[in-house]
Amino acid sequence: MRLYIKILCFVKPFWKVIVVSIILTFFYVLLNNISLWISVDFIRELFSPENVQTEQVTSVEPIKPSEDEKGNLQKMFNLNSKLDIYSKINNYIKSVIIKDNRYDTLIVVCIVIFLSFLLKNIIQYTRRVILNYIVINIVVNIRNQLHEKLLYLPLSFFAKRHSGRLTSIVFNDVNAINVALNNSFGKMILSPVQILTNVFILVIISWKLSLIMLFVLPLISYVIVKIGQGMRRRSRRVFKQIANVVAVFQEAVSAVSIVKAFTNEEKEVSKFKAANREFFKKTFRANKLRYATSPINEILLVLTLVFLLWYGGNLVYSNSGLTAEDFIRFLVFLFTMFQPIKDFSGINNTIQTGLAAAERIFDVLETDQEIYEKPGAVYLDEFNHNIKYEKVYFKYNNNESYVLDDINLNINKGEMVAFVGHSGAGKTTMANLLPRFYEINTGKISIDGIDIRDMTLHSLRHKMSIVTQDTILFNDTIRMNIAYGSENVIEQNVIDAAKAANAWEFIKKMENGLDTQIGEKGTRLSGGQKQRLSIARAILRNPSILILDEATSSLDTESERLVQQAIDKLMENRTVLVIAHRLSTITHADKIVVFNQGKIAGLGAHKELLESCPIYKTFYENQLLTK
């Protein structure tokens, strides 16, 4: 039930439009039933003898039972009012459509039927347009909220989930909601109204025949509910498998150069086929159950119909108060009720499929996001003195050991501090804690004596720029990539940043200059060019604190020289944290922090560490030997 309430929150903004749709639905059902009622009169007028027509016109008073019979009926079933309602409706309609001769009557009947269908279809079109407007808005709003939520979630969330699975939720699962709403939203309003209206008409025509039908409806409802429960379970498995298929596909495509380099195409094809085969199995099982709903319900309905035909026919033959005209009208409305009942059973399956998708969507939407401004948060206007790590402990998961263990470090403004150590020693984690990509378990990290957890997240991160080894660029122009994250930037500032990053030389040679499209992840640029754009982006931001993840390690000699010159300019008058892979690039650092198994094993300048820290000395000597 909670899941239904959550989904209704997306529907709530459109409640006025939904009310209009419900009103239109009532008019649609009313006109549809009028056309059906008149159709029976049309058949009677067309095929009944002339003298019967005259008799029916004049017979506007209902046949009344004797006083004793009337009393018994009221005591047993209280049905006299129902019989009166049917007689009044029937006689009123006859008085409107039946004229002096049957030719005029035929014309009136045809006009009424045409107008009923015309108005009914106009209303139906309007109703569908309104419902489509609501459905598309709901789907767009869900997708917008998912996208916004994902961007505000902490990095720890993404570290535990494959991007392909998240992509599947945003597109495949939301599309499932779209399909569910398109196939069920209108029918959820229309089918119950049709069923209830038809049941009312059937009861006033013949309560005896209706009683049989009312015994069958609960059985059909039970079948619908049980199949729906199974559909949700199977749909949940299908959506998970779709996510697996997307993940396998995304991995292969994003790493296609490695796949080709290692001639591993056949294995990747096999992996994708296996994931798709599993998707086929789960989808086929779900569909087998879905397709069983309609035949089961139809068999139950046909059994009921056959019994009603036999029982109602006997009532007509025995003159037990049910005329042939009434029985035909009963059958017409009974037949027209079958489709909404079948639709209603299909709606449940569709809804259950949508709910399975909704569970995964709300799992993301209800995840705690980063707190950008907690009550009383301080705005970091300027960085003036130092950065301090005090008794910092951190681990990624509660059941793992600490990645950083009792870290104490002071970084003064303007210093260049390098982090070195084995892979997994905690270097990158140390740098990632400063912009609060992850929250520490215990301890404190402060800037100018203020705990970074007490600062607004925007002001904290605005003071920093990050240049990583794996350059991240967007499928857009060079201009946009350099100016990314900066506001109200004029072209000259972009050019100056490009010049400072040694990037202007290659940019101005391109056909469209700053407006050149660089492709996905900058595929149209070389490694050195991409890295220089990344540095230009950091220069334009003009940060107080700079975090560098060895930006030259994967470049050729000439590109490395140009990038290193750009980095040197970028580092001027800034506080710099360098994650060092090659010690030759950080020998001039003010401080070098040596990490070993999450602890600080050495701290000092290059020459000091060569004498006092055996781990650092071994690192340095090993790198000299590999040159």
Side-chain angles (χ1 to χ4, degrees), residues 29 32-33 35-49 52 55-56 59 62-66 69-70 72-87 89-91 93-94 191-192 194-224 226-227 292-346:
V29 172
N32 188 56
N33 288 337
S35 63
L36 291 172
W37 195 295
I38 299 296
S39 297
V40 176
D41 287 321
F42 170 76
I43 295 170
R44 174 180 49 76
E45 286 300 313
L46 192 62
F47 294 107
S48 62
V52 176
E55 183 181 326
Q56 287 172 338
S59 179
I63 299 173
K64 296 182 180 180
S66 66
E69 290 173 334
K70 182 177 177 181
N72 291 333
L73 286 171
Q74 286 177 334
K75 289 177 183 178
M76 293 176 63
F77 304 106
N78 195 23
L79 294 172
N80 193 58
S81 59
K82 295 177 184 177
L83 293 172
D84 283 345
I85 291 173
Y86 175 65
S87 298
I89 293 173
N90 199 22
N91 291 332
I93 292 175
K94 287 178 181 178
S191 294
Q194 285 182 314
I195 293 170
L196 291 174
T197 305
N198 281 31
V199 167
F200 172 75
I201 293 172
L202 294 176
V203 169
I204 65 172
I205 293 174
S206 173
W207 66 269
K208 294 179 181 178
L209 296 177
S210 301
L211 199 60
I212 299 169
M213 191 65 204
L214 293 176
F215 276 120
V216 178
L217 287 178
L219 180 59
I220 294 174
S221 301
Y222 176 78
V223 172
I224 291 172
K226 296 308 291 183
I227 292 177
T293 308
S294 182
I296 292 172
N297 288 332
E298 193 161 319
I299 289 169
L300 291 172
L301 288 171
V302 169
L303 283 173
T304 307
L305 174 62
V306 169
F307 183 77
L308 287 173
L309 285 171
W310 172 79
Y311 184 67
N314 278 305
L315 289 178
V316 173
Y317 291 155
S318 62
N319 295 318
S320 301
L322 185 69
T323 65
E325 178 189 337
D326 295 340
F327 187 46
I328 292 172
R329 184 171 284 118
F330 185 92
L331 291 177
V332 167
F333 281 98
L334 180 63
F335 270 112
T336 57
M337 191 171 70
F338 281 2
Q339 188 57 46
I341 290 175
K342 289 173 65 178
D343 287 343
F344 204 64
S345 64

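When a residue number appears, it is its place in the shown sequence, counting from 1.
Note that CD1 of Ile328 and CD1 of Ile205 are 11.5 Å apart. Values are rounded to the nearest 0.5 Å. Interatomic distance, CD1 of Ile201 versus CG of Leu196, reported as 11.5 Å (0.5 Å rounding). To the nearest 0.5 angstrom, Asn314 atom CG is 9.5 Å from Phe327 atom CZ.
Checked by atom type, the side-chain pair Thr197/Asn33 shows no donor-acceptor distance below 3.5 Å.
Closest approach of Leu202 and Leu334 over heavy atoms only: CD2-N, 3.9 Å.
Residues forming a side-chain contact (heavy atoms from CB on, under 4.5 Å) with Val199 (at least two apart in sequence, or on another chain): Ile195, Val203, Leu214, Leu217, Met337. A search for side chain to side chain donor-acceptor pair (under 3.5 Å) contacts involving Asn32 returns Lys120, not counting sequence neighbours.
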